[in-house]
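What follows is a single structure, written as structure tokens, with notes after it.
Small disclaimer: the values here were computed from a predicted structure and weren't measured.
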Amino acid sequence: MMKIIELDKKTIEKIAAGEVIESPVSIVKELVENSIDAGAKNIIVEIKNGGKSYIRVTDDGIGIEKDDFKKAFKRHATSKIKNFSDLYDLFTLGFRGEALSSILACANVKAISKTKDQEIGKEIIFQNGNMVSFNSIATNIGTSIEVYDLFLNLPVRRKFLGSDINESNKISKIIQALALGYDKVSFKFIKDNRIIFQTLINEDLENKIYKLLDENLKDNLIEINIENSLYKVKGYISKANYYRGNRSMEYIFVNNRLIENESISRAIEGEYKTLIPSQRFPGFFIFIETNASNIDVNIHPNKKEIKFTYENELIDLLKENISEKLYENSSIKELRVNDIKKKELNFYDDYSEILNTYNKVNEEENSYDISYEIENKDTENKEIQNRENNFFNGYELNFIEDKMPQNTLVKEETKSNKVDISNLSYTCSIFNRYSLFTYNDKILILDHRRADQRIKFDQYMKNFKSDSISSQQLLEQKIIKVSLEEYNKYMQKKDLFIKMGFDIEEFSFDKLVIRSVPLVFENPENNDFFYDLLDIDLEDEEYFKEKIGKLINKNIFRKGDTINKSEALASIEKLNSCHNPYKTYDGKNTLIMIEENELEKYFDR
């Protein structure tokens, strides 16, 4: 029979602390928000080892009175509310009254504070949750709190922390976000004894966005300033020609509180749906002001999420006005209406017909039964698809080798899975992009652009697997300006960039120099390719292929490039060596085939 027991006080405190303190960034956020609430004009954040071993937040706020100093570290002690109803009328950030006590439950703490009315400040030191010292100390007006050895007494929680770089990135991002949100506060961030960035009081928001996050946002922001009877919304959204591979450039503030809200994010992203590629995300920096009674900030221990009383009215306001702003800042898009929806003829989908035709042409020379191929078409399709969808472990791509059925018909089946060059007759080129052939009494059309996509993509992946990427030295080295987060991402993926064929040197913590790039990428026109590659996820093969494919697509066949008979036949031969010659990596046709009777139907309509 299960026995019910009461937990001891220290266990309860550690469990409660886990609701508020998940990682070093939780501590930084709580302490910085307290500093903001204290009216600080200057806030300095220092960390070491990603905040695991050391965090210090120093401010020049009003400080903590001597009589309140000890009390401030007790559970549910706060200066922000007096009764339960005050929870629904809050404009301050640190209201829960348990941040400091939660920090004590999972780390050692030293705090120093002084108010303007005190002649000398006070210092208090806690170890293992117990106060070990309370002394007078000379100090400036304000508060400084140092946190040591996070989760040292909670090894189970400590092992779930990320690397120093990952934890530093999280802290950097939250300080950057708070710096965007508070123009009357100067922020300084020091990591491992080095100043990473600093903002100025009353610095223009637009300039801070460029400076802290991404210089590419310059000239790519649209100002937003809208309101209705319940909400005022101001800030910036990105133009349609700026987007990222993740939501890292989405910031939402409500009454100056940084929050996460899926409904708001989805509403804004939805307005970009037809303007930017799928699986891409815009940047936005939205500041929402409303009466405190219209929101509930007490639904999440870390205050990441809030609840809106009138959410639909806010969503409608955003969608209507953002749509209008994007329209005003977009270029004209030409539309063409087809009066007949034509069926796309797919060389791959007509595979069994090719086999039939091939069989008839060669029936005197080959007398095999093609029913095996027709009956196993689905199996073969899956085999080819599997070759396209091989996941890689670490940096090693594990391509599935061709596995032919153990059958005397293998040779002929393999032959019929490619274009038979001997039955191919070149006719002409059209529109400086396509080549026309006759093939077994049919018209075969080759798209040189998409064929080049397929060929170069397959060759790159093959070389990537064998660590034989060919590189070219750039005539002019590219200097890449990076944020702290981007620099750390690069350092984490440095070996991958080398394997991909890049030669990159760290010039400083905010600049990288690219000396060589993979040969297939040629000479990138701008630096966007590098920022795009930083988001590669090693565990997501489709995402990896998408990023590589995007770069390859910028350096493939262009309309007007040389097309002649030899070029066209060479493209067909190269396609034949690909795993799936009839589709690009993203599923577009490289070849289409039209029968005479199908062509005649279009003239009869």
Can you list the residues that meet the side chain to side chain contact (heavy atoms under 4.5 Å, CB included) rule with K48, with sequence neighbours excluded? S53, Y54, D192, N193
Please confirm whether K122 makes a cation-pi placement over F134, using NZ or CZ under 6.0 Å from the six-membered ring centre and within 45° of the ring normal. yes
In the structure I gave you, are the side-chain heavy atoms of [X] and [Y] within less than 4.5 Å of one another anywhere?
X: I43; Y: I175; result: no
X: N255; Y: T290; result: yes
X: F284; Y: I322; result: no
X: F464; Y: I548; result: no
X: I125; Y: M131; result: no
X: F507; Y: I480; result: no
X: K478; Y: F530; result: no
X: F187; Y: I36; result: yes

Between [X] and [Y], is there a side-chain N and carboxylate O pair less than 4.0 Å apart?
X: E46; Y: R56; result: yes
X: E167; Y: K170; result: yes
X: R244; Y: E486; result: yes
X: E505; Y: R515; result: yes

Describe, in one word, how the ring planes of F287 and F253 are oriented to each other, choosing from parallel (under 30°), tilted (30 to 60°) and perpendicular (over 60°). parallel
Has the side chain of [X] got a donor or acceptor atom that lies under 3.5 Å from a matching backbone atom of [Y]?
X: D60; Y: N42; value: yes
X: S101; Y: F73; value: no
X: K211; Y: Q198; value: yes
X: Y272; Y: S238; value: yes
X: D59; Y: T143; value: yes
X: N49; Y: K52; value: no
X: S168; Y: D164; value: yes

Is it the case that D214 and N216 place a side-chain donor and acceptor less than 3.5 Å from each other? yes
Is there a donor in the side chain of S293 and an acceptor in the side chain of N291, or the other way round, less than 3.5 Å apart? yes
Within this structure, what is the [atom1]-[atom2] distance for the pair [X] and [Y], rounded to the nearest 0.5 Å?
X: S229; Y: Y310; atom1: OG; atom2: OH; answer: 9.5 Å
X: F69; Y: K114; atom1: CZ; atom2: NZ; answer: 13.0 Å
X: N207; Y: K218; atom1: CG; atom2: NZ; answer: 7.5 Å
X: I190; Y: I196; atom1: CD1; atom2: CD1; answer: 9.0 Å

Please give me the minimum heavy-atom distance between L100 and I145, naming the atom from each residue. CD2-CD1, 3.9 Å
Could you check, using the six-membered ring where one of them is a Trp, whether F285 and Y236 have ring centers closer than 6.0 angstrom? no
